[in-house]
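Following: one structure in structure tokens, then a few remarks.
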Amino acid sequence: MADKGRSMDNLSEETFDFICTTCDRKGKIVEAVRYCIECSGYCCLACTDIHTTFPTLKDHNLLDASQGNQASNQPGSLPEFSTERCNLHKGKCIDMYCEEHNEVCCSTCIATNHRTCPKKSIHSIPDMIDTLFKLRDCKQIQSRLRDMMVSLTTLGKSKDDKLKALNDVKNTEIAKVLNFQKALETIIRKAGEATRNEIEGKYKELEKEIHQEKQNANVNEDRLKEYDDKLNKAEGNRAQRFVCCKIAEKKMEEADRQISKETGITDDCSQLAFTPSQSLMTYLNGLHGIGIVGVNTKKKTDMYKIKGSKDINIKVNDDSETCYSAGCCLTFDNQLLVTDCSNNKLKLINTDTMTVVDDFQLDSAPCGVCCINDSEAAIACRDNKIQFVSYGYKMTPTRQIKTSHFCYGITTRNDKIYVTDNDSSLYIYDMTGNLLQTISQDNAGNTLFSYSSHVTFSESGDKMYVSDGNEGIVCFDGKGNYQSTFNDSDLNVLDGVCVDGRGNIFVIGYGSHNVVQFNENGQKIGVVVKQQDGLLDPRSTCFDQKLNRLFVTIDDSNVVKMFDLY
């Protein structure tokens, strides 16, 4: 930056108030007449002319030199300008903000894409930056930005591990093919070659898919790093930081979608597999291959064990009562939502830091909670309603569905909402609140529930499980047709229920203070968590398929229990 009052030394007796930054770097002392915000430097007449000549410079914001001195030395004394350029209208500065869409853009975008938005939601960033920019929000976004960068790095590393494991399995399966082929000698060689080619083809398909996923993760990580750097470089320029924050939010949404879509896929789910045909000899000449090549989905059949545990404090400063969480769920980006019936709140927990990062005050006690999509959750409330809340930037209410019954457990599947009444029925609604079906009896007219609690679906959606405090787990097919009920003597007063995505069901025993694992057919595998593990009066549960973590909420407690399983 040029210094005010610097002289020309031996070249001149003149003293200038402002010196051209570019010329000064070349060893020339030339008086500056303008200050460029984007370049963060002073310009002489010649350099000012260059700004009006070169296409990449002609849209820079040029101030009087005296204003530049204020802009550089007294942040906030002048309207601040964003240097970010619009992707749609090249050369245009992003200087407008639409509150309706929570989006920053240029004036042309406002005129073309936001003309129907309320005028009160359209703001000029330089004019309104004192109102729009909040340092706390910026720091929070930058913190989330960095957390997501770490998640993308972890995702990329997991893809490397998956590629190595896939390659090892490929080599193992091809070896099996070769061994089987050798036993069948000459007549089988042609069929063996065809089968090997099929394995290679399947491998290349999976390899290409994983490479693409990794590349997408790298691209998203680079984008987030770019805006993390921009936020650092924009220190003191609140408008630039505000714009970068908003763009970073959009970039994080894109990264969120990838992380949410891909992090649930575990190494033991999809593998290449070769199955030899033992009846091959009888019809060998008519075969194209010597076996079946496919991708197996591996189910977990043994009991989980506890590797470690942690208490997550969910009490916040303005809570007046001891917390009581009757419901929980994981968001699409693997954060934890828990209800607090005692304080009428929904709380969002960062599962990396294990801290409450946001809470929302409801007008009635919440029970169950589930995610509708990557930005909205539905809450079953005791005052006979379903409350929808958007989450992410800041939790805010969106809409409500009034019901004629008590609402306790809740989940969604295929644009339908499933709600229990903590009594004798399960209700099915569409997303607009129309009641589609009430389930309380089987086909023979027998009562199914006496204390209906929580509800969940299998990973594929072909089975629905409803916990009942007295009856056990009531099972339905994906269309709501009753199939069976199972229970176990290790359970007393059933409440929460969730699945692990690998064919297992976790069931909460409120009265027995434990969590019992069943397979998808209702056969008990074992007691995973016991009272001796620090569990007392558990209410609900959800499972992190990515990290094998079981979250359990507690009745009349300020903590949520997290168990690391293996």
Side-chain angles (χ1 to χ4, degrees), residues 37-40 56 60 72 75-76 80-88 90 92-98 101-106 125-126 129 132-160 212-263 331-335 348-358 374-375 391-394 546-547:
I37 292 177
E38 284 81 358
C39 297
S40 298
T56 56
H60 283 199
S72 60
E80 297 176 71
F81 296 88
S82 162
T83 60
E84 203 70 26
R85 301 291 172 173
C86 179
N87 286 330
L88 295 177
K90 304 298 182 182
K92 290 277 189 179
C93 280
I94 297 180
D95 58 357
M96 301 297 291
Y97 170 57
C98 175
H101 294 91
N102 193 27
E103 183 175 77
V104 290
C105 53
C106 71
I125 294 173
I129 190 60
L132 297 174
F133 181 80
K134 299 292 187 296
L135 182 60
R136 181 187 65 182
D137 294 341
C138 182
K139 289 181 178 179
Q140 186 180 32
I141 289 172
Q142 195 166 13
S143 175
R144 290 170 52 205
L145 191 73
R146 290 169 179 170
D147 288 344
M148 200 164 294
M149 287 166 60
V150 172
S151 297
L152 287 169
T153 299
T154 304
L155 179 61
K157 290 179 180 178
S158 71
K159 298 304 176 183
D160 286 333
Q212 184 61 51
E213 291 170 351
K214 180 185 177 184
Q215 182 180 353
N216 292 342
N218 291 338
V219 169
N220 280 328
E221 182 180 7
D222 289 341
R223 289 174 179 169
L224 297 187
K225 185 178 186 303
E226 176 189 353
Y227 277 91
D228 183 49
D229 291 339
K230 286 187 176 184
L231 281 168
N232 288 329
K233 292 176 181 179
E235 187 71 28
N237 187 341
R238 295 178 298 166
Q240 170 66 0
R241 297 195 82 191
F242 176 80
V243 169
C244 287
C245 284
K246 293 304 173 183
I247 295 176
E249 285 184 313
K250 298 297 180 182
K251 301 298 182 185
M252 284 190 288
E253 289 176 3
E254 296 174 10
D256 262 340
R257 284 191 287 272
Q258 185 195 5
I259 294 172
S260 300
K261 177 182 177 181
E262 296 177 19
T263 52
T331 67
F332 283 69
D333 60 349
N334 237 40
Q335 304 308 298
L348 179 64
I349 296 167
N350 185 311
T351 53
D352 293 325
T353 61
M354 299 295 178
T355 57
V356 178
V357 294
D358 195 13
D374 61 0
S375 62
Y391 64 88
Y393 178 68
K394 183 70 178 176
K546 176 185 175 184
L547 298 176

[atom1]/[X] to [atom2]/[Y] distance, rounded to the nearest 0.5 angstrom?
{"X": "Leu155", "Y": "Glu221", "atom1": "CG", "atom2": "CD", "value": "9.5 Å"}
{"X": "Thr154", "Y": "Asp352", "atom1": "OG1", "atom2": "CG", "value": "8.5 Å"}
{"X": "Ile125", "Y": "Lys246", "atom1": "CD1", "atom2": "NZ", "value": "10.0 Å"}
{"X": "Leu132", "Y": "Arg238", "atom1": "CG", "atom2": "CZ", "value": "10.0 Å"}
{"X": "Ile259", "Y": "Glu254", "atom1": "CD1", "atom2": "CD", "value": "12.0 Å"}
{"X": "Met252", "Y": "Asp333", "atom1": "CE", "atom2": "CG", "value": "10.5 Å"}

Return yes if some donor-acceptor pair links the side-chain N/O of Glu84 with the main-chain N/O of Cys93 below 3.5 Å, else return no.
no
Sidechain-backbone polar pair: Thr153 side chain, Met149 backbone, donor-acceptor under 3.5 Å:
yes
Write down the atom of [X], the atom of [Y], and the distance for their closest heavy-atom approach.
{"X": "Met148", "Y": "Ala255", "result": "SD-CB, 3.7 Å"}
{"X": "Arg241", "Y": "Ala234", "result": "CG-O, 3.1 Å"}
{"X": "Met96", "Y": "Cys106", "result": "CG-C, 4.0 Å"}
{"X": "Tyr227", "Y": "Leu145", "result": "C-CD2, 3.9 Å"}
{"X": "Tyr97", "Y": "Glu103", "result": "CD1-O, 3.4 Å"}
{"X": "Cys245", "Y": "Ile141", "result": "CB-CD1, 3.8 Å"}

Test log, rule salt bridge (Lys or Arg N to Asp or Glu O under 4.0 Å), inputs Lys251 and Glu226
CA-CA 10 Å; Lys251 301 298 182 185; Glu226 176 189 353; over 6 Å; no
Side-chain heavy-atom pair [X], [Y] within 4.5 angstrom cut-off:
{"X": "Leu547", "Y": "Thr351", "value": "no"}
{"X": "Val357", "Y": "Gln335", "value": "no"}
{"X": "Phe242", "Y": "Ile129", "value": "yes"}
{"X": "Asn232", "Y": "Gln142", "value": "yes"}

[X] atom [atom1], over 12 foreign heavy atoms within 6.0 Å:
{"X": "Lys134", "atom1": "NZ", "value": "yes"}
{"X": "Lys233", "atom1": "NZ", "value": "no"}
{"X": "Lys230", "atom1": "NZ", "value": "yes"}

Quick check on side chain to side chain contact (heavy atoms under 4.5 Å, CB included): which of Val219, Val150, Asp147, Leu152 does Leu224 satisfy it with?
Leu152
